[in-house]
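Below you will find the structure I want to go over with you.
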Amino acid sequence: MKKLVAVVLTLALLLCAAVVPASAEGKGKILYLSNLNSGAQYEFYVAYLNMMAEQLGYTVEIVYGDGFNDPAGNLKAVKNAYTSDVVGLISCMDGGLINIMEEYPDMWVVGFFSDFDNVFNAGGTSEGVLQKDHFLGLMGDNYISGTAVGEAYAEEVIARGYKRVSTCIFPVYAYPKHTEADAAFRAYIENYNATAEEPIEIVGETTVLNFTPLETNYFFEDGNDDLDCIVGFCAGTTFVYPTVVEAKAMGICKEDMQIITGGFDNDPDLMADCGDDKNIVRLTTAAFESIIWPMAMIDAAISGNMYKDYPGVERMDSGIMTINSTEKFEAVVNNSPMGATNDEDRLAKAQASWDDMKDYFASVNPDASYAALTEYCQSFSVEGYMD
């Protein structure tokens, strides 16, 4: 009888071992240095990262970066979270990244959801990161190029027939891409005006918002009470939209003035005010599922299965969500993870499940291709929620 019990117990243990999830393998911890701490994108990224980590055998810990991307603040945040089992860092912050990598030289690092100007621009405060062999590259926050952003927004202005527009940016010291985008926008409109029957007027110089909302007295400045559109290269949902709503209530701007901007906010009232005949007519943001790329890259490095066709460090666009019609806004709100209220629903509404993506991970599929992974992660778009 004792032998029978022993056999049964042994079989039970073997069966349990066969179904232990990958997370029990204990490959180590990956830190996610986030530039968000709330909102629909943040909630999805956390849920999606945890899902991928569990399948691959890691744990993920969210670390909140410094609100001003301060090098000392980011280094302190990582130091406070670092433990001996940390093997990688997915970073949305580039301030102090060189200091972080020098402090932890054996930790693999990949960038996501940021421009990383401090890393990739000559003279940047973290320029030395490019010489570190544990840095894997960056998939940014939609377009890397400010010129591409400016031209895309100019095309939207032309397509919608606006005749009087203005622009807003964040300071150049923090977001040089905004200044580049503004210049490209103005150049594109100027070129259009050269042959246009009705030229478009860009009213005044760009307004620099030093991380404070647009003020209502803006609409008392010469010409600003008669604008058709404000183009916000800054986070217009937060820093332009509330002021526009207030200005319309006060009757100090055109009732049908609209906003073109970037980012995403799942506030129900704001999203209800997005569409062709609403206050916000276009949002441009990174494709949500693009976060597969940094997870796949860091897994390949940690596991020692780097892609055979990996060309070395690159900085590239993410997949790009161009939400510029009522139909597209409704699709994102109703069909994407941005409209979900719990993690189960967020994962169910994503354009890629684990089964869809797993063969792009080199530790799962030895024949996985870096080029195919990158193309896959750049392919996600708002149209994927409309099928």
Side-chain angles (χ1 to χ4, degrees), residues 33-36 65-75 91-101 109-131 135 137-157 165-190 202 204-214 230-240 259-264 282-286 290 294 313-318 320:
L33 184 62
S34 178
N35 54 4
L36 302 174
D66 182 87
F68 293 94
N69 197 28
D70 177 68
N74 289 335
L75 176 60
S91 182
C92 301
M93 314 288 276
D94 63 357
L97 192 59
I98 183 64
N99 310 101
I100 292 169
M101 294 196 71
V109 176
V110 65
F112 177 66
F113 201 50
S114 175
D115 295 331
F116 269 40
D117 287 323
N118 286 317
V119 170
F120 286 92
N121 288 354
T125 56
S126 284
E127 185 180 7
V129 164
L130 295 178
Q131 281 69 58
F135 181 64
L138 167 78
M139 180 166 278
D141 178 12
N142 66 79
Y143 297 105
I144 288 293
S145 164
T147 297
V149 176
E151 292 181 350
Y153 284 10
E155 289 173 353
E156 190 79 42
V157 164
V165 301
S166 67
T167 62
C168 296
I169 63 173
F170 283 147
V172 67
Y173 72 82
Y175 288 91
K177 184 168 83 172
H178 293 179
T179 298
E180 179 187 343
D182 184 70
F185 175 84
R186 291 169 184 271
Y188 199 98
I189 295 297
E190 182 180 1
I202 302 176
E205 300 297 320
T206 192
T207 297
V208 180
L209 302 177
N210 196 18
F211 305 104
T212 56
L214 186 69
I230 296 177
V231 176
F233 296 110
C234 53
T237 54
T238 300
F239 293 91
V240 176
I259 302 167
I260 293 171
T261 191
F264 190 86
R282 173 180 174 133
L283 291 177
T284 305
T285 189
S290 290
V313 169
E314 294 187 299
R315 178 166 73 154
M316 67 192 74
D317 296 344
S318 66
I320 294 168

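Keep in mind that this is a model prediction, so the values were computed, not measured.
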For this session: With rounding to the nearest 0.5 Å, note down the distance linking CZ in Phe170 to OG1 in Thr179.
Result: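 Reported value, rounded in 0.5 Å steps: 12.0 Å.
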Exercise. Between the side chain of Thr261 and the main-chain N/O of Cys234, is any donor-acceptor distance below 3.5 Å?
Worked result: yes
For this session: Measure across Ala174 and Phe211 and return the closest heavy-atom pair with its distance rounded to 0.1 Å.
Result: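 For Ala174 versus Phe211, the nearest heavy atoms are CB-CZ, 3.5 Å.
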For this session: Mind checking the CD-OG1 spacing from Glu156 to Thr284? Nearest 0.5 Å is all I need.
Result: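 Nearest 0.5 Å value for the CD-OG1 distance: 7.5 Å.
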Exercise. Does the Asn118 side chain pair with the main chain of Asp94, one donor and one acceptor, at a distance under 3.5 Å?
Worked result: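 Such a contact is absent between Asn118 side chain and Asp94 backbone.
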For this session: Could you tell me whether a side-chain N or O of Ser126 sits under 3.5 Å from a main-chain N or O of Val129, the two making a donor and an acceptor?
Result: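 Absent.
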Exercise. Take atom CD in Glu205; do more than 12 heavy atoms of anything else shown fall under 6.0 Å from it?
Worked result: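 Not more than 12 within 6.0 Å, no.
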Exercise. At their closest point, which heavy atom of Cys168 faces which heavy atom of Leu214, and how far apart are they?
Worked result: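 Shortest heavy-atom separation between Cys168 and Leu214 comes out as SG-CD1, 4.2 Å.
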Exercise. When you measure from the side chain of Tyr143 to the backbone N and O of Asp317, does any donor-acceptor pair fall under 3.5 Å?
Worked result: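 Judged by distance alone, no pair lies under 3.5 Å.
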Problem set entry | Check: Phe233 ring centre within less than 6.0 Å of Tyr175 ring centre | no
Problem set entry | Audit row: Ser114, Asp141, side chain to side chain contact (heavy atoms under 4.5 Å, CB included) steps and yes/no | CA-CA 5 Å; Ser114 175; Asp141 178 12; 5.9 Å; no
Exercise. Should Ile144 and Leu138 be marked as a side chain to side chain contact (heavy atoms under 4.5 Å, CB included) after you check the CA-CA gap, both sets of side-chain angles, and the distance that decides it?
Worked result: CA-CA 10 Å; Ile144 288 293; Leu138 167 78; 4.1 Å; yes
Problem set entry | Taking every non-hydrogen atom, the tightest pair across Phe135 and Met101 |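 Residues Phe135 and Met101, closest heavy atoms: N-CE, 3.7 Å.
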Problem set entry | Considering all heavy atoms, the nearest Leu283-Gly262 contact |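 Of all heavy-atom pairs spanning Leu283 and Gly262, the closest is CD2-O, 4.1 Å.
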Exercise. For residues Asn210 and Tyr173, is any side-chain donor paired with an opposing acceptor at under 3.5 Å?
Worked result: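 Note: Asn210 and Tyr173 side chains meet the donor-acceptor criterion.
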Exercise. Do Leu130 and Phe120 have side chains that get closer than 4.5 Å, going by heavy atoms?
Worked result: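 Side-chain contact under 4.5 Å: yes.
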Exercise. When rounded to the nearest 0.5 angstrom, what distance separates CD in Glu155 from CD1 in Ile260?
Worked result: 11.0 Å
Problem set entry | Separation between CG of Asp182 and OG1 of Thr147, rounded to the nearest 0.5 Å | 11.5 Å
Problem set entry | Euclidean distance, Arg315 CZ relative to Asn121 CG, rounded to 0.5 Å | 5.5 Å
Exercise. Could you state the interatomic distance from CE (Met93) to CG (Asn69), rounded to the nearest 0.5 Å?
Worked result: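 Spacing of CE (Met93) from CG (Asn69) equals 4.5 Å.
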Exercise. Taking Glu127 for the side chain and Ala122 for the main chain, is one N or O donor matched with an acceptor at less than 3.5 Å?
Worked result: no
For this session: List the steps and the verdict of side chain to side chain contact (heavy atoms under 4.5 Å, CB included) for Ile202 and Val231.
Result: CA-CA 10 Å; Ile202 302 176; Val231 176; over 6 Å; no
Exercise. Which heavy atom of Asn74 sits nearest a heavy atom of Asp66, and at what distance?
Worked result: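 Residues Asn74 and Asp66, closest heavy atoms: OD1-N, 2.7 Å.
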Problem set entry | Glu190 CD: over 12 foreign heavy atoms closer than 6.0 Å |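 No, the 6.0 Å shell around CD holds no more than 12 heavy atoms from other groups.
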Problem set entry | Evaluation steps, side chain to side chain contact (heavy atoms under 4.5 Å, CB included), between Leu36 and Phe113 | CA-CA 10 Å; Leu36 302 174; Phe113 201 50; 3.6 Å; yes
Exercise. Does the Asp115 side chain pair with the main chain of Asp117, one donor and one acceptor, at a distance under 3.5 Å?
Worked result: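 No, the answer is negative, given that no donor and acceptor are paired below the 3.5 Å cut-off.
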Exercise. For Gly111 and Phe116, which heavy atoms make the closest approach, and how far apart are they?
Worked result: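 The answer is CA-CZ, 3.7 Å.
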Exercise. Okay, side chain of Thr206, backbone of Thr167: is any donor-acceptor separation there less than 3.5 Å?
Worked result: yes
